[in-house]
Amino acid sequence: MDKKKTEIVRLLKHKQEICIRLLEKMAEQMKAVDAQDESRLAAIIEEKEALIAGLNETDQKITGLASDLDQTILTSLTSENAELVQRIESDLEKIIKQETVCQTKLNFVKSELLEKIKAVKSGQRLLKGYGVSQRIKSKISKNI
């Protein structure tokens, strides 16, 4: 039992480290979004996906270990590590807020680009209205 408790605490600390790295990546993502650097943004998103996969894996391990423990042990484990759990929750809330801000900025950029594309397309349609003049057919018959 004691071994499982220490393993859960170790996994919680690992989860907090992953959250901290995710927050760092989110800061980089915010800079890339502001600079409209698509290649850097794509690289950051790939790195974030790997971190999120590690976070999910850690959660699954914690859940697996916690399912074997007695309710009283879980209660004592929760109270002993309340500060750690609170920091993890706080970090996750920050990550979600920053992700929402990035999503809003990207949606705004997307709508601006769509407006530019529509303006270009309508400009092309206007030019087609003027079109190239038709070839003037000769008045002399080719049958002569």
Side-chain angles (χ1 to χ4, degrees), residues 1-139 142:
M1 292 293 182
D2 203 33
K3 184 178 179 183
K4 287 184 180 181
K5 284 175 63 174
T6 56
E7 181 65 15
I8 289 174
V9 172
R10 186 191 69 75
L11 287 171
L12 284 172
K13 289 179 181 176
H14 179 69
K15 184 176 179 176
Q16 183 190 17
E17 292 170 5
I18 293 174
C19 287
I20 290 170
R21 284 188 278 164
L22 261 173
L23 279 171
E24 292 169 357
K25 290 296 171 191
M26 287 304 303
E28 290 179 34
Q29 180 178 326
M30 294 285 279
K31 290 178 185 175
V33 167
D34 289 338
Q36 294 184 358
D37 185 359
E38 292 89 11
S39 60
R40 180 69 185 133
L41 185 61
I44 291 170
I45 289 173
E46 284 183 26
E47 292 170 11
K48 276 181 30 188
E49 286 176 352
L51 289 172
I52 290 171
L55 196 64
N56 288 336
E57 183 180 315
T58 304
D59 279 343
Q60 289 175 351
K61 288 179 183 177
I62 291 172
T63 303
L65 289 171
S67 65
D68 295 340
L69 294 177
D70 188 12
Q71 187 62 34
T72 56
I73 296 172
L74 283 175
T75 306
S76 69
L77 187 61
T78 304
S79 63
E80 291 170 5
N81 298 294
E83 183 181 332
L84 180 61
V85 171
Q86 181 61 36
R87 284 189 300 214
I88 291 171
E89 288 176 358
S90 173
D91 288 346
L92 289 174
E93 288 173 3
K94 289 176 189 175
I95 290 168
I96 291 170
K97 285 179 185 177
Q98 287 181 351
E99 192 68 42
T100 304
V101 168
C102 282
Q103 184 66 38
T104 304
K105 286 181 181 181
L106 288 173
N107 284 338
F108 180 73
V109 169
K110 178 183 170 185
S111 66
E112 283 182 336
L113 287 175
L114 287 174
E115 289 299 319
K116 287 180 184 178
I117 290 171
K118 286 179 185 177
V120 168
K121 283 184 178 181
S122 68
Q124 288 175 346
R125 271 189 250 123
L126 288 175
L127 289 176
K128 283 183 183 178
Y130 291 106
V132 179
S133 63
Q134 298 291 327
R135 277 187 74 197
I136 300 172
K137 295 182 182 180
S138 68
K139 306 274 185 200
K142 294 181 181 178

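Not measured: the values here are computed from a predicted model.
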Query - Val101 to Met30 - nearest heavy-atom pair and separation - result: CG1-CE, 3.7 Å

Report task. Could you list the residues that satisfy side chain to side chain donor-acceptor pair (under 3.5 Å) with Gln103, not counting sequence neighbours? Result -> Asn107

Enumerate, atom names and distances included, each donor-acceptor pair closer than 3.5 Å involving a side-chain atom of residues 82-99, sequence neighbours excluded.
{"from": "Glu99", "atom 1": "OE1", "to": "Lys48", "atom 2": "NZ", "distance (Å)": "2.6"}
{"from": "Glu99", "atom 1": "OE2", "to": "Lys48", "atom 2": "NZ", "distance (Å)": "3.4"}

Query raised in the report: Which residues pass the side-chain contact (heavy atoms from CB on, under 4.5 Å) test with Glu7, sequence neighbours left out?
Result: Arg10, Leu11, Leu65

Report summary line: Quick note, side-chain hydrogen bond (donor to acceptor under 3.5 Å, both in side chains) partners involving residues 71-81, not counting sequence neighbours, are Asp70-Thr72

Report task. Could you note down all residue pairs passing salt bridge (Lys or Arg N to Asp or Glu O under 4.0 Å) where residues 100-117 supplies at least one of them, sequence neighbours left out? Result -> Asp34-Lys105

**Report entry** Spatial distance of atom NZ (Lys5) from atom CD1 (Ile73) [nearest 0.5 Å]
**Finding:** 6.5 Å

Query raised in the report: Got Val33 and Val109 here, is their nearest side-chain heavy-atom distance under 4.5 Å?
Result: no

Report task. Could I get the full list of side-chain contact (heavy atoms from CB on, under 4.5 Å) partners for Ala50, not counting sequence neighbours? Result -> none

Requested in this report: List for me each residue that meets side chain to side chain donor-acceptor pair (under 3.5 Å) alongside Asp37, sequence neighbours excluded, and say none if there are none.
Outcome: Ser39

Requested in this report: Before giving the answer on side chain to side chain contact (heavy atoms under 4.5 Å, CB included), spell out for Thr58 and Leu12 the whole-Å C-alpha distance, their side-chain angles and the decisive distance to 0.1 Å.
Outcome: CA-CA 8 Å; Thr58 304; Leu12 284 172; over 6 Å; no

Query raised in the report: What distance do Glu28 atom CD and Ile45 atom CD1 have between them, rounded to the nearest 0.5 Å?
Result: 12.5 Å

Return a table of donor-acceptor pairs under 3.5 angstrom between the side chains of residues 14-26 and protein atoms on other chains or two or more places apart.
{"from": "Lys15", "atom 1": "NZ", "to": "Asp59", "atom 2": "OD1", "distance (Å)": "2.6"}
{"from": "Lys25", "atom 1": "NZ", "to": "Glu47", "atom 2": "OE1", "distance (Å)": "2.3"}

Report task. Output all residues satisfying salt bridge (charged side-chain N to carboxylate O under 4.0 Å, His left out) with Lys61, sequence neighbours left out; order by chain, then residue number. Result -> Glu57

